Each structure stands twice: as C-alpha cells, then as structure tokens.
Amino acid sequence: MLKRASGITTFIVVLGVLAFYFLTTPVSFDSGKLPRYAPDPANGELLFWVGGCASCHASSTSKLLLGGGKALATVYGTFYSPNISTDPQFGIGGWSMSDFANAMLNGVSPLGEHYYPAFPYSYYRNMYIEDVMDLKAFLDTLPPSSNKTKLNEPGVPYSFKRGIGLWKQRYSAPSSIQARPSELSPLQRGQYLVDGPGHCGACHTPRDEFGGAKSASYLAGARSLEIDPDSPDARAEWNPNITPHADGLARWSERDIAYFFEMGFKPDFDTVGGSMVEVQENLAHLPTADLQAISNYLKSLPAIQY
Amino acid sequence: MKYICTAILLFTFAGFFPLASADEDEFPFALQINGRQASMFLYRYNLGLLGSMAKGSTPYDAQIATEAAHNLLSVANMKNSTMWPAGSDIDAPGLANRTEAKANIWANFEDMGNKHQALTENLTKMSLVAGDGVEAIRANIGSVAKACKACHEQYRLEDED
C-alpha cells in the first residue's frame, strides 16, 4: 500500500516537473518565419518614438545613444535597462533580425532565455512583424555605446528566471507573427499604437499580485510600481485613468488629447509632469494623424474606473 | 410658501456651510502652499489665454495676447522664496492631499532656481512677440511649455486629483 502511494507521489512529482519544464520553455520563432521584406528605417524611427525606447535605454547625453543602464527599482527588484546600441560586444549590434523579433515579440533572448517583463514585450507582441523589422533597421543606424550595464537584481522568488515562463503563459501567450495590413482606419491605427508599440497599459493599467495586467481595468489608472531609491518611502506616482471615465479623459476632446501629446498642455493649460513628460516629448515626434488616431481610440474605450 | 422659503434658505446656506466649515487653512504651511498654488493658477490662467489661441480654440486677439504674456512674465518675476519652506512637501505629515511638491526640491533648490530662470527668459521672449500674431505665439509657446515641464518632471508628484 505504502509502496503504491509512494509510486503515485513519484508519478505526480515527475508529471509536475515535466509540465513545469514544458510550460516554462522559452518559445522562439525560427528565422525562416520572417517575411521577405526590405525594412524601412524611417518607419522604424516613428516606432522608436511611439515605443519610447529612449526613456529606458538612452544615455543621459543623447536620446539616440542607447547604452542603457537606467535602474528601474520596483517592488519586484531592481532591473537595469540593457545596452541596445549597435555595439557588437556590449549592445545588440551582433543580433540577427530573428534575434530581435524574438526579443520584441516573445521576450526571449538570443541565448533562449526569458526576459523579465520589465521589458514590455507583452505589449510589443501585438506589433506587426514588418514594424519590428523597421524598428531594427532604424536602431542599426544609431551609434554604438560600450557601456557595460549591471546585472538585474530581482527579488525572491523572481530570481528564478525559468518561472517567467509561467508568467508568460498567463499574461503574454507566445506571439504568432502578424503581417502588417495594407490599410488601417484611424481607430484601428490608434488601437495598434496604444495596445502595441506604445504600451500605454504598462503604466496606466493596474497590475495584480504577480505584476500581470488586470485586463478588466485596462487603462483605468494605476499607482506606479517604481520606487525612488533615494527615498523608498516616498509616495509613488499615480498614472491616471485614460479611459473616457469622469476620473479620466471624460472632459478631454480628441483635439485636447492630440494637443497634449504635441505640446504637453492639459486642457486647463497645466502641463504634463513626472515620467509622462518623456513620453509626451517622444510622442511629439509623431505625425498629427497618428496623434489623432491615438486620441480617437482612447475616446472610444469603455469608460471604466479602477 | 413656507416650503419655498425653507427651500431657498436651505439652498442659500448649503452654499455657505462648506465655506464656513472648510479647513482650507488648517494644515501645515497652509499660507505658503496656498500662495504658491495661487501663482501656479495665474500661470495656468494666462497660459490658457495664449495657448487657446495657439491651439486654435479661440481667435487671436493681439491685446489679450500681449496682456497675458506680460502677466506671465510678472508672475515669473515675483520673488516667492518664502512660499517654499523646507518640510512643505507631499510626504510631510498632513500634506498628502495638499501639495504636489516633492521633497527632492529642497535638495536641488539651485537647480529649481536655474529652471525658473529659463522659464523667465522664455516668457520674456514671449512678452516681446505675443502681439505680433498667432504664429509668433505658436513659435514660442513650445519653449515655455518645456520650461514648465522641466520643473514638473522632476519636482512635482503626479497624483490622483
């Protein structure tokens, strides 16, 4: 009887280990899946500003020198943004197009390891493959930086990297390659920019206990997870509700929203502040039609409150 | 009639009660915090006059634009150092919902002064050209916004309204 019980226990443990192994195995595309396409660095530059890559990866001297190293101190540990400049040793200069697509869409490194979701691939996975390729083509035009960045300092239990596979199963299922449609309505374009490269939800959507987005409260506002290392007890920023709820953008017209991105003025002519300043200044590089598309989409969302 | 009078009385006094019972001044550094917020309001009001012309939501009016630009410069030229006493930040006791000023201001007072100086210079330029037409406002309002943002980015905590 005892022998049988221990046999069952062993069976369950083995099954559990196998299930964990398969569920947490990083999933990558193979390079043959990429379309034959000549990337357009000009469109890549637009996506660079939408994605705000510079906010985390730029050096203090130039938004286009992507040496990384910025500390992101959060309740999950401290993460250092990697060097994504063209330096082949310290940056990503040696990456192939499929290495880059796997990082952006699957959150998997060229060595086949999971990235921490501090890198917002759970949004980038909504990007069209041609846009991802265009972005790499733009990054390839930027200068190298030999900045060697620090290793991440995740808190327990997040230091067990393989576990990120479970997180991905729950919050960021492996991406399938999506081709860019030839035409999008302004609303579709706005949705794409917000839900994909713009990753607005990374700050404006509340997270659950595992740091995954609470999708029922999408864009309904959230307290920042960032901690000020100089004063860890200081109150963190509130990232406001950007749905058309009374607590959010109810009184903002689409024109108000587009003008806010363009200039940084709210409808009452207070200015943007905090970490949104960089986001706004990045978005100010976009053509007016895209800013209008974003406004159009935000105003079309269900008005919800968190 | 009696009910109408009662209703009017209630209605009238309802308007006063919140004022009478308001604790607008019953928090630490209330005088200074109200003072600096008043100056921020004056910036916002006058920027609204100029900005709504730049935005195209109100027609250009040279006189209003000139006045607004001069007012902005006047506010910037006020010497308000007494309105920023140490310990009047958002993390200080009793001030969580009273101010958005971050504690790092007092460790970087000189930098804040430099940023204010940049704002004053941009507003000086604006005051010289605001009467020249809406394009002149459009050409200069971006640098004014940038000067405001420079402080708000580092020294103001974005919090729930």
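What you see is a predicted model, and the numbers here were worked out from it, not measured in a lab. Chain naming here is simple, since letters A, B, ... match the order of the sequence lines and numbering starts at 1 in each.
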**Q** Return the option, out of B/C151, B/G51, B/G142, with the maximum number of heavy-atom pairs under 4.5 Å with chain A.
**A**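 Max contact count across the listed options: B/G51.
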
**Q** Among the options A/Q280, A/E262, A/R255, pick out the one with the most heavy-atom pairs lying under 4.5 Å from chain B.
**A** A/R255

**Q** May I ask you to check whether B/N122 and B/K146 show a side-chain donor-acceptor distance below 3.5 Å?
**A** no

**Q** Under a 4.5 Å heavy-atom cut-off, does chain A meet the side chain of B/A96, its backbone, both or neither?
**A**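 Both backbone and side chain.
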
**Q** Between the main-chain N or O of A/A220 and the side-chain N or O of A/H204, is there a donor-acceptor pair closer than 3.5 Å?
**A** no

**Q** Counting only heavy atoms closer than 4.5 Å, note whether A/E281 contacts chain B via side chain, backbone, both or neither.
**A**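 For A/E281, the side chain is the part near chain B, not the backbone.
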
**Q** Would you mind checking which part of B/A54 comes under 4.5 Å of any heavy atom in chain A, side chain (CB onward), backbone (N, CA, C, O), both or neither?
**A**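 When you check distances to chain A, atoms from both the backbone and side chain of B/A54 fall under 4.5 Å.
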
**Q** So for B/L50, is it side chain, backbone, both, or neither that comes closer than 4.5 Å to the heavy atoms of chain A?
**A**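 Neither part, no heavy atoms under 4.5 Å.
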
**Q** What part of B/L157 gets within 4.5 angstrom of chain A, counting heavy atoms only: side chain, backbone, both, or neither?
**A** side chain

**Q** We want to know whether A/Y306 and A/K214 form a side-chain donor-acceptor pair, criterion being a heavy-atom distance below 3.5 angstrom.
**A** yes

**Q** Kindly assign one of parallel, tilted or perpendicular to the pair A/Y123 and A/H199, based on the angle between their ring planes and the thresholds 30° and 60°.
**A**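 Answer is tilted, since the angle falls between 30° and 60°.
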
**Q** Among A/M276, A/K266, A/M263, A/E278, which has the most heavy-atom pairs under 4.5 Å with chain B?
**A** A/M263

**Q** Judged by atom type as modelled, is there a donor-acceptor pair below 3.5 Å linking the side chain of A/Y121 to the main-chain atoms of A/Y115?
**A**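 Here the side-chain-to-backbone pair exists.
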
**Q** With a 4.5 angstrom heavy-atom cut-off, could you sort out which part of B/E158 is near chain A: side chain, backbone, both or neither?
**A**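 Contact with chain A is through both the backbone and side chain of B/E158.
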
**Q** Run through A/D195, A/T243, A/T205 and flag the one making a side chain to side chain donor-acceptor pair (under 3.5 Å) with A/Y218.
**A** A/D195

**Q** Aromatic ring centroids of A/F260 and A/W252 under 6.0 Å?
**A**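 Close enough - the centres of the two rings lie under 6.0 Å apart.
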
**Q** Where on A/D247 is there a heavy atom nearer than 4.5 Å to chain B: the side chain, the backbone, both, or neither?
**A**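 A/D247 has no heavy atom closer than 4.5 Å to chain B.
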
**Q** Count the heavy-atom pairs under 4.5 Å between each of B/K102, B/M40, B/K55, B/R156 and chain A, then report the option with the highest count.
**A**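 Greatest number of close heavy-atom pairs with chain A: B/K55.
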
**Q** Go through B/G56, B/A145, B/A150, B/A107 and name the one with the most non-hydrogen pairs under 4.5 angstrom from chain A.
**A**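 Top option by heavy-atom pairs under 4.5 Å: B/A145.
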
**Q** Checking heavy atoms, do the side chain of A/A236, its backbone, both or neither come under 4.5 Å from chain B?
**A**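 Looking at A/A236, just its backbone touches chain B.
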
**Q** Main chain of A/S145, side chain of A/S85: is a donor-acceptor contact present, judged purely on distance under 3.5 Å?
**A**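 At least one qualifying donor-acceptor pair exists.
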
**Q** Does either side chain, that of B/Y45 or that of B/N71, offer a donor lying less than 3.5 Å from an acceptor on the other one?
**A**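 Short answer, no.
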
